[in-house]
Amino acid sequence: MEKPTAGEKRVKHYSSAQSILLVGDGDFSFSLALATAFGSGANLVATSLDTYGALKIKYHHAESNIMELKRLGARVLHGVDVKTMRLHTDLKNRRFDRVVFNFPHAGFRGREYEVHMINSHRELVSSFFSNARHLLGRHGEVHVSHKTGHPYDSWDLGGLASESSLLLIEKVGFHKEDYPGYHQKKGDGVNCNKPFKLDPCCTFKFQISEA
């Protein structure tokens, strides 16, 4: 890990000196965890697929989290689809040091081990990678935190990333306690506001391949 510069604050893989795009953040608690640790959200663009109205219904703390993020200076965007985000008016001309998607999920339409569910998840992540690479600045990284083991390994994140010229550079354990205030949410169905089991899980880091 690089030594922080004067005034820079770090949280695990992230720094107040980085321009960070966060997508699919559920109730925005991960974004808020970073902004709180940094003492500012000025370097963050936090986004959701859901509209603001839908978020208030789905998550008990979404409204207060978003208000606090904005107070800390973060940019908050709604209706951002990771499948098309490189064309989004507020994103297409920006480049980020980090693009972060924690625990991507295409929705609960069957058992996680069923082939159609795995294919649905893979299609989502593949589309995310193809969009994210266009939003990366020089030496930027795409981070995906993801469960490991069966059936999650069959998503083959490395293979999907390589299709968008992204190379896996590191895989490290994800630990919720590194991000005080973060609360993972299911995000879909009647239990959308409830947490899901995290362990075992890792953060996969990718960079644009030089090859």
Side-chain angles (χ1 to χ4, degrees), residues 1-2 4 8-26 28-38 41 43-49 69 74-75 77 80-83 85-86 91 94-106 121-122 124-148 152-153 155-185 187 196 198-210:
M1 181 179 293
E2 296 177 4
E8 179 184 356
K9 296 182 179 179
R10 300 194 68 97
V11 181
K12 199 62 177 177
H13 319 294
Y14 308 108
S15 159
S16 59
Q18 297 166 345
S19 175
I20 304 174
L21 171 64
L22 302 113
V23 303
D25 191 16
F28 285 84
S29 60
F30 188 84
S31 298
L32 183 56
L34 296 187
T36 301
F38 296 155
N43 62 318
L44 306 178
V45 177
T47 74
S48 67
L49 175 61
L69 269 173
R75 184 77 186 276
L77 302 174
V80 176
D81 189 337
V82 299
K83 297 179 180 181
M85 64 184 181
R86 73 186 181 101
L91 299 177
R94 296 199 54 176
R95 297 297 178 266
F96 297 90
D97 299 311
R98 300 290 183 269
V99 179
V100 182
F101 196 176
N102 288 329
F103 306 103
H105 199 277
H121 294 317
R122 282 174 50 82
L124 170 67
V125 176
S126 177
S127 296
F128 162 71
F129 281 138
S130 68
N131 277 261
R133 74 173 303 276
H134 292 281
L135 299 175
L136 283 182
R138 184 173 174 82
H139 306 306
E141 297 177 7
V142 175
H143 291 187
V144 177
S145 293
H146 179 53
K147 290 187 177 185
T148 56
Y152 306 101
D153 290 346
W155 293 24
D156 185 20
L157 295 187
L160 294 176
S162 68
E163 295 172 3
S164 293
S165 301
L166 291 168
L167 178 68
L168 178 66
I169 59 170
E170 191 176 18
K171 173 185 173 183
V172 294
F174 179 95
H175 305 289
K176 178 180 175 178
E177 56 269 24
D178 290 329
Y179 309 98
Y182 170 53
H183 300 287
Q184 76 279 11
K185 301 293 184 180
F196 56 89
L198 283 178
D199 296 327
C201 52
C202 290
T203 297
F204 297 73
K205 302 180 182 182
F206 304 89
Q207 282 187 330
I208 295 176
S209 174
E210 299 294 336

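Along the sequence shown, residues are numbered consecutively beginning with 1.
Between the side chain of Arg95 and the backbone N or O of His134, at least one donor-acceptor pair lies under 3.5 Å. Judged by distance alone, with hydrogens and angles left aside, the side-chain atoms of Asn131 form a donor-acceptor pair with the main-chain N or O of Lys83 at under 3.5 Å. Side-chain atoms of Ser16 never come within 3.5 Å of backbone atoms of Phe38 as a donor-acceptor pair (strictly under, hydrogens ignored). Of the possible donor and acceptor atoms, none in the side chain of Ser126 sits under 3.5 Å from a partner among the backbone N and O of Arg122. Side-chain atoms of Ser130 come within 3.5 Å of backbone atoms of Ser127 as a donor-acceptor pair (strictly under, hydrogens ignored). Between the side chain of Asp25 and the backbone N or O of Ser31 there is at least one donor-acceptor pair closer than 3.5 Å. Side-chain atoms of Ser209 do not come within 3.5 Å of backbone N or O of Leu166 as any donor-acceptor pair.
Contact detail for Ser29 and Gly181: the closest heavy-atom pair is CB-O, 3.5 Å. Scanning both residues, Ala46 and Leu69, for their nearest heavy atoms gives CB-CD1, 4.2 Å. The two residues Leu135 and Leu91 come nearest to each other via the heavy atoms CD2-O, 3.4 Å. Residues Phe129 and Val144 share a closest heavy-atom pair of CE2-CG2, 3.9 Å. In plain terms, the two heavy atoms of Lys9 and Ala37 that are nearest each other are CD-O, 3.6 Å. Counting all heavy atoms, side chain and backbone alike, Pro104 lies closest to Trp155 at O-CH2, 3.2 Å.
Considering only heavy atoms from C-beta on, Val172 comes within 4.5 Å of His13 through its side chain. Contact annotation: the side chain of Phe206 never approaches that of Ser164 to less than 4.5 Å [non-hydrogen atoms, C-beta and beyond]. Using a 4.5 Å heavy-atom cutoff, the side chains of Val11 and Asp178 are not in contact. Side chains of Phe128 and Met85 form a contact here, defined as non-hydrogen atoms less than 4.5 Å apart.
The aromatic rings of Tyr14 and His143 are tilted relative to each other, their planes meeting at an angle between 30° and 60°. The aromatic rings of Tyr179 and Tyr182 sit perpendicular, their planes meeting at an angle over 60°, well past the 30° parallel limit.
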- request: Given side-chain contact (heavy atoms from CB on, under 4.5 Å), test Gln18 with Arg10 step by step and report yes or no.
  value: CA-CA 10 Å; Gln18 297 166 345; Arg10 300 194 68 97; 4.2 Å; yes
- request: Please assess Val100 against Ile20 for the test side-chain contact (heavy atoms from CB on, under 4.5 Å), listing each intermediate value before the final yes or no.
  value: CA-CA 7 Å; Val100 182; Ile20 304 174; 4.1 Å; yes
